[in-house]
Amino acid sequence: MVDIHIKTLIERDPLMASLVALRDVTWFNPESTTLAEGLPYVGLGHADVQAADARLRRFAPYLREVFPALAASEGIIESDMVDIAAMQTALDARYGKVLPGKLWLKKDSHLPISRSIKARGGIYEVLVHAEQLALQAGLIAPTDDYRQLASEAARHFFSQYRIAVGSTGNLGMSIGIMGATLGFNVSVHMSADARQWKKDRLRAHGVDVVEYQQDYGVAVAQGRKAAQDDPYCFFIDDENSHSLFLGYAVAGDRLKAQFAERGMVVDADHPLFVYLPCGVGGGPGGVAFGLKLAFGDHVHCIFAEPTHSPCMLLGVYTGLHDGIAVQDLGIDNLTAADGLAVGRPSGFVGRAMARLIDGYYTLSDDEMYRLLAMLAHTETLCLEPSALAGMAGPWRVAGNAEYLSRLSLSASAMQQTTHLVWATGGGMVPDAEMQKYLAQGAK
Ligand SMILES: *Cc1c(COP(=O)(O)O)cnc(C)c1O
């Protein structure tokens with residue numbers, strides 16, 4: 001709980017008052033700085049991200065073997081990016097402003113295996129753990145063909161071990177499917193807001209789903225506790241994990257290659273803005289880190305949160321990070337946006353990345369639903385509500401004269417800007433559920 005005097009000071013701040021009143025808030029951090037100045041605070045570097053990429057390549061033959069959906073990509077889990085010009089035109093009309101530059105969508109919503117951004121960090125962390133156990137036991141050597149890990153003997157070996165994780169749904173899905181495929185016993189501690197169909201799907205994979213009536217923070221704490229007394233149980237700590245973070249960060253160089261394939265340039269005259277939905281912060285923080293390493297100071301990362309769960313904005317703005325939760329200000333952390341219903345930010349990500357994130361904004365659930373319906377209509381692309389959080393971002397940037405003057409982009413650079421909205425989930429939503437989302441958005 002935050003000190004009562006500090007709480008009063010926070011509530012007197014006009015921007016914080018808007019946050020408490022659940023109004024849309026946009027804040028560009030005046031302390032955001034260059035990669036050179038911000039990097040030392042992260043404590044990780046390009047070599048760490050490259051090591052993560054190398055590990056994913058070692059596992060690629062195995063992943064291809066056990067997931068037929070990865071045949072085309074040779075075992076690499078990556079998403080496409082698409083231009084969404086029709087959506088851009090529709091949003092120009094909705095927000096009453098013509099956006100300079102071009103709108104693109106990064107379809108992590110359609111990542112193979114678990115259809116959300118968690119297929120990056122979540123799966124990667126399970127692989128880190130599996131590799132460590134298998135190397136220690138002499139089951140494999142780093143130069144071996146990892147397809148051996150698909151054998152009955154390897155699955156039997158992993159079945160001695162447990163993995164536990166707390167989740168609002170998508171992280172549990174990624175870790176559950178990957179862990180169970182390797183042979184681990186996986187327990188997913190699910191918060192009250194987790195969707196029934198996600199729990200059902202996990203149970204069908206043989207995963208032990210433990211349900212709570214409270215939010216994500218409680219589910220994580222219970223998962224951590226359950227793992228504490230069991231030396232055979234590995235707890236995946238979404239609030240503090242460097243492995244998860246690095247799994248996400250691999251996206252940076254991959255995106256750079258996708259830009260190069262399309263002949264798209266990122267430099268001072270062609271800036272890149274990326275809009276990332278934020279929950280606890282690991283996913284967007286890790287991706288932003290990878291993007292900064294790949295594109296340097298020409299990429300600008302902006303985080304999007306629900307008006308009812310603005311934990312990262314609150315943590316960075318106050319400088320209290322995981323020392324404050326939205327509930328401390330009376331904000332309820334109730335949102336339909338899966339993955340974003342987080343009241344307290346990661347203690348690691350905010351401190352590490354605050355200087356490298358340009359800004360933060362909030363939007364209502366209603367707006368996410370409306371954007372969901374608009375994207376389905378204009379581009380025939382169906383996502384879950386949280387994945388739309390980034391879609392309002394380009395117009396928040398374009399409408400903020402103070403931030404734009406701080407960046408001092410030329411008129412031609414503005415016109416040559418790429419706005420990339422990170423669509424973080426939704427490719428696995430059952431049809432009946434999607435129809436409900438669409439009906440909600442049409443209201
Ligand atoms: C988890 C998730 C996020 C945010 O990731 P964090 O690491 O929690 O910040 C965004 N969108 C979706 C769909 C998610 O599942």
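Note that ligands are numbered from 1 as they come in the structure, with each ligand's atoms numbered from 1 the same way. Throughout, numbering of the chain's residues begins at 1 and tracks the sequence.
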Q: Would you kindly say whether D48 and H242 are connected by a side-chain donor-acceptor distance under 3.5 Å?
A: no
Q) Which salt bridge (Lys or Arg N to Asp or Glu O under 4.0 Å) pairs, counting each pair once, include a residue from residues 337-354, with sequence neighbours left out? A) R195-D338, K198-D338, D322-R351
Q: Check for a donor-acceptor pair, side chain of K256 on one end and backbone N or O of A294 on the other, with a separation under 3.5 Å.
A: yes
Q: May I ask you to check whether over 12 heavy atoms, not counting those of E31, lie within 6.0 Å of atom CD?
A: no
What are the distances between nitrogen or oxygen atoms of ligand 1 and protein nitrogen or oxygen atoms, counting only those under 3.5 Å?
from     : atom 1 : to   : atom 2 : distance (Å)
ligand 1 : 7 (O)  : G282 : N      : 3.2
ligand 1 : 7 (O)  : G283 : N      : 2.7
ligand 1 : 8 (O)  : V280 : N      : 3.0
ligand 1 : 9 (O)  : G279 : N      : 2.8
ligand 1 : 9 (O)  : V280 : N      : 3.2
ligand 1 : 9 (O)  : G281 : N      : 2.7
ligand 1 : 11 (N) : T424 : OG1    : 2.7
ligand 1 : 15 (O) : K118 : NZ     : 2.7
ligand 1 : 15 (O) : N170 : ND2    : 2.7

Please tabulate, one pair per line, all N/O donor-acceptor pairs under 3.5 Å involving side-chain atoms of residues 209-220, not counting sequence neighbours.
from : atom 1 : to   : atom 2 : distance (Å)
E211 : OE1    : K199 : NZ     : 2.8
E211 : OE2    : R203 : NH2    : 2.9
Y212 : OH     : H189 : ND1    : 2.7
D215 : OD1    : G217 : N      : 3.2
D215 : OD2    : Q327 : NE2    : 3.1
D215 : OD2    : N333 : ND2    : 2.8
Y216 : OH     : D238 : OD2    : 2.8

Q: Name all pairs fulfilling the salt bridge (Lys or Arg N to Asp or Glu O under 4.0 Å) condition that reach into residues 274-295, sequence neighbours left out, sorted by first residue then second.
A: none
